[in-house]
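All remarks here apply to the structure that follows.
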Amino acid sequence: MASLKAGAMLTYDMDQRGEESLYAYLYNCMRADIENGSIAAGEKLPSKRKLADHLGVSIVTVEGAYRQLIAEGYVESRARRGYFAAYISSSNTRALTKEGGVAPAGTFMPDAFEHKGENEPVFSPSYAFDLSKGQLPESLFPLASWSKALRDTLTQEPASVLVGESDPLGCMALREEISRYLRQTRGLVAPPENIVVGSGAQTLYNLTVQLIGRNRTVGVEDPGYPRLRRVYGANNVRLSPIPLDASGVSMASVHAAGVDTLHITPSHQFPTGIVTSVSRRHELLGWATEVPGRYIIEDDYDCEFRLAGRPIPTLQGIDASERVIYTNTFSKSLGSAFRIAYMVLPDHLARRYRDELAFYSCTVPAIDQLALARFMQRGEFERHVNRLRTHARDVRDAFLATLKESLPQGSFTVAGHDAGLHFVLGFSEIDDVRFNESLAENSVRMPSLREFSMSENDATNRSRYVVQYLQLSTTQAQAAALAIARAYASTH
């Protein structure tokens with residue numbers, strides 16, 4: 001994927017793109033050249049218009065490539081100065097290009113199956129609008145196609161397979177489908193032999209602790225997911241809160257804390273919405289290889305729902321030293337009651353799992369695993385995700401548009417709205433206590449970022465709130481935004 005310079009201009013043969021879109025090909029070319037140093041760190045890139053004219057493509061194509069490179073941290077946008085290549089360390093990582101053996105970060109799955117109609121009203125016992133839970137609406141669960149997959153499994157699979165003892169790592173048919181799906185959508189090469197299926201992410205975290213040992217100090221993101229901290233605490237694992245900066249977990253804090261394991265959500269941090277930059281990812285991998293036995297647990301919990309641009313590449317996909325354990329779950333896409341999750345182990349840990357933990361039976365019934373494998377093989381899962389992504393985008397857009405119309409200009413900020421199924425809403429010049437009381441009076445539950453912090457006196461995240469919206473319809477999203485605006489107005 002070579003680049004030739006003509007003055008300050010980049011030259012790529014766009015006719016070599018094959019079946020890739022123009023935008024995806026340009027993004028891959030520039031990403032590879034930044035990785036290998038052909039585009040030097042700090043080098044100023046051409047303006048969107050100049051590069052579009054030079055390559056004979058539309059400005060929209062260049063805008064899409066630049067936007068994705070910025071989202072992943074390969075390019076920096078500097079106000080009134082233009083675009084510049086970021087510094088990327090290449091140590092301890094595998095090549096990111098096709099020639100290096102790792103697939104691209106992912107591809108768009110067309111949103112051709114748009115959800116029609118509104119959902120039934122969603123109410124909690126106390127709030128008309130509970131924005132603390134991003135649960136799949138019942139009306140969006142693919143009941144018909146799932147029922148068919150389940151019926152076909154019961155009638156077509158041999159009885160010995162349905163009721164017999166399955167592989168401790170999970171049914172091979174499901175692991176093969178997960179492997180295919182990860183390669184296709186996340187650019188992650190995950191052999192089925194390295195995949196472990198379990199009944200939810202919490203079960204897999206318990207197994208991970210047993211696999212890598214309890215005598216560890218685990219660094220967890222702060223603010224972060226409270227239940228994760230409780231899982232590790234129940235396993236008598238020492239915890240250390242790691243604060244965040246604009247690029248992800250703070251490396252200075254990681255080193256100062258003396259942790260030997262990190263549990264992070266690099267593609268879409270919960271709850272801040274931060275996307276870990278590519279430079280920070282390389283720093284993390286460098287940290288992991290400095291001392292034997294260090295590991296990073298990569299929690300990719302809502303990776304399917306990036307609402308703009310391409311999926312962010314996985315950390316395990318660029319790990320050349322077998323230090324990253326990748327985890328994901330079907331709970332976000334198929335509902336919280338759908339307790340199937342999986343992890344992808346590095347080769348040496350997969351061997352250790354079979355040697356030391358294979359006495360555990362797989363915690364997911366074979367019937368459910370085989371039905372899900374059939375569901376995925378038929379393309380039903382990807383179609384469902386496309387429908388759900390369209391629904392999420394529509395709800396988010398309705399929510400933000402109504403906020404913009406209803407609140408004073410400059411009174412609020414929005415962060416992380418493209419990265420996944422929640423965003424962070426920040427307010428300026430509000431009395432937190434009065435505003436929270438007013439939210440309750442308007443029947444809105446909208447948790448503060450401080451509720452996710454391990455620090456009792458977290459002033460950094462004051463006046464910032466986490467909005468989870470998947471459970472709403474567009475009409476409900478508009479009503480929730482109006483309720484928030486009323487709560488804001490009553491405090492001013």
Donor-acceptor contact present, side-chain T329 to main-chain S331, <3.5 Å | yes
Would you call R186 and S267 a side-chain contact if the rule is heavy atoms closer than 4.5 Å?
-> yes
Test side-chain contact (heavy atoms from CB on, under 4.5 Å) applied to L403 and L400, step by step | CA-CA 5 Å; L403 282 177; L400 295 180; 4.2 Å; yes
Take atom CZ of R49 as the centre, draw a 6.0 Å sphere, and report whether it contains more than 12 heavy atoms from other residues, nucleotides or ligands.
-> no
Partner of F423 under ring pair (Phe, Tyr, Trp, His ring centres under 6.0 Å), chosen from F270, Y465, Y469 | Y469
Sidechain-backbone polar pair: R175 side chain, G170 backbone, donor-acceptor under 3.5 Å = yes
Charged N to carboxylate O below 4.0 Å: is that the case for E382 and R180?
-> yes
Starting at OG of S77, measure out to CG of L69 and round the result to the nearest 0.5 Å.
-> 12.0 Å
Side-chain donor-acceptor contact under 3.5 Å, N386 with R389 = yes
Will you find, in the side chains of T272 and Q269, an N or O donor that is under 3.5 Å from an N or O acceptor?
-> yes
Is it true that the side chains of T153 and R374 contain a donor and an acceptor less than 3.5 Å apart?
-> yes
Derivation of the side-chain contact (heavy atoms from CB on, under 4.5 Å) call for S179 and I195 = CA-CA 8 Å; S179 175; I195 296 173; 4.0 Å; yes
Salt-bridge test for R17 and E20: reply yes if a basic N is under 4.0 Å from a carboxylate O, no otherwise.
-> no
Find out whether E322 and D347 are in side-chain contact, i.e. whether some heavy atom of one side chain is under 4.5 Å from a heavy atom of the other.
-> yes
Please determine, by modelled atom types, if T265 and E221 share a side-chain donor-acceptor pair under 3.5 angstrom.
-> yes
So which heavy atom on I312 is nearest to which on Q68, and how close?
-> CD1-NE2, 4.0 Å
May I ask you to test the V275-P266 pair for a side-chain heavy-atom distance under 4.5 Å?
-> no
May I ask you to test the H384-M376 pair for a side-chain heavy-atom distance under 4.5 Å?
-> no
State whether the side chain of N328 and the backbone N or O of D300 hold a donor-acceptor pair below 3.5 Å, judged by distance alone.
-> yes
Starting from the C-alpha separation in whole Å, work towards a yes-or-no answer on salt bridge (Lys or Arg N to Asp or Glu O under 4.0 Å) for E157 and R151.
-> CA-CA 10 Å; E157 293 288 347; R151 286 194 305 271; over 6 Å; no
Can we say R67 and D418 salt-bridge, meaning some charged N sits less than 4.0 Å from an Asp/Glu carboxylate O?
-> no
Mark yes or no for whether R183, through its side chain, and A190, through its backbone, hold a donor-acceptor pair below 3.5 Å.
-> no
Cationic N near anionic O, under 4.0 Å, E72 to R306 | no
Any side-chain donor-acceptor pair under 3.5 Å between Q16 and Y25?
-> no
Candidate list F141, W146, Y181, test ring pair (Phe, Tyr, Trp, His ring centres under 6.0 Å), partner F375, passing option | W146
How far does CG of L262 sit from CH2 of W287, to the nearest 0.5 angstrom?
-> 4.0 Å
Under the side-chain contact (heavy atoms from CB on, under 4.5 Å) criterion, do Y353 and L207 qualify, and how do the steps go?
-> CA-CA 9 Å; Y353 190 96; L207 290 171; 3.5 Å; yes
Under 3.5 Å, side chain of D302 to main-chain N/O of L421, donor-acceptor pair present?
-> yes
Given side chains that start at C-beta, do those of R31 and I34 come closer than 4.5 Å, heavy atoms only?
-> no
Is the Y232 ring parallel, tilted or perpendicular to the Y205 ring (thresholds 30°, 60°)?
-> parallel
Between the side chain of H391 and the main-chain N/O of L470, is any donor-acceptor distance below 3.5 Å?
-> yes
Atom CD of Q210 with >12 non-hydrogen neighbours under 6.0 angstrom = yes
Evaluation steps, ring-ring contact (aromatic ring centres under 6.0 Å, His included), between F452 and Y225 = CA-CA 7 Å; F452 300 92; Y225 187 46; 8.3 Å; no
Scanning both residues in full, the closest heavy-atom pair of D130 with Q471 reads O-NE2, 2.7 Å
Kindly indicate whether the side chain of I296, heavy atoms from C-beta on, has any atom under 4.5 Å from the side chain of I264.
-> yes
Nearest heavy atoms of M30 and I39, plus distance in Å = O-CD1, 4.2 Å
With the side chain counted from C-beta on, respond yes when C362 and Q369 share a heavy-atom pair under 4.5 Å apart, and no when they do not.
-> yes
Can you tell me if Y12 and D33 form a side-chain donor-acceptor pair at under 3.5 Å?
-> yes
Using atom types as modelled and distance alone, determine if a side-chain donor or acceptor of R281 lies under 3.5 Å from a backbone N or O of T276.
-> yes
Output yes when a side-chain donor or acceptor of E304 lies under 3.5 Å from a complementary backbone atom of Y301, and no otherwise.
-> no
Give, for atom CG of L449 and atom CG of L425, the distance between the pair rounded to the nearest 0.5 Å.
-> 10.5 Å
Are K148 and D152 within salt-bridge range, i.e. N to O under 4.0 Å?
-> yes
Shortest non-hydrogen contact from A341 to G200?
-> CB-C, 3.5 Å
Start with the C-alpha distance between I484 and M446, add both sets of side-chain angles, then the distance that settles side-chain contact (heavy atoms from CB on, under 4.5 Å), and finish with yes or no.
-> CA-CA 9 Å; I484 293 170; M446 187 168 67; 3.7 Å; yes
When rounded to the nearest 0.5 angstrom, what distance separates OG in S277 from NE2 in H282?
-> 9.5 Å
Do the side chains of L315 and Y326 get nearer than 4.5 Å, heavy atoms only?
-> no
List the steps and the verdict of side chain to side chain donor-acceptor pair (under 3.5 Å) for Y23 and E63.
-> CA-CA 8 Å; Y23 138 78; E63 281 180 343; over 6 Å; no
At their closest point, which heavy atom of A149 faces which heavy atom of A371, and how far apart are they?
-> CB-O, 3.7 Å
Step by step, would you call H422 with H417 a ring-ring contact (aromatic ring centres under 6.0 Å, His included)?
-> CA-CA 7 Å; H422 76 275; H417 57 290; over 10 Å; no
Any chance you could measure N194, atom CG, to R351, atom CZ, to the nearest 0.5 Å?
-> 8.5 Å
Under 3.5 Å donor-acceptor, D368 side chain and V364 backbone | no
Nearest atoms (heavy-atom pairs only) where V324 meets Q316 = O-NE2, 2.8 Å
N/O donor-acceptor pair under 3.5 Å between R294 side chain and L285 backbone = no
Interatomic distance, L150 atom CG to S145 atom OG [nearest 0.5 angstrom] = 11.5 Å
Residues in ring pair (Phe, Tyr, Trp, His ring centres under 6.0 Å) with F330, at least two apart?
-> Y342, F381
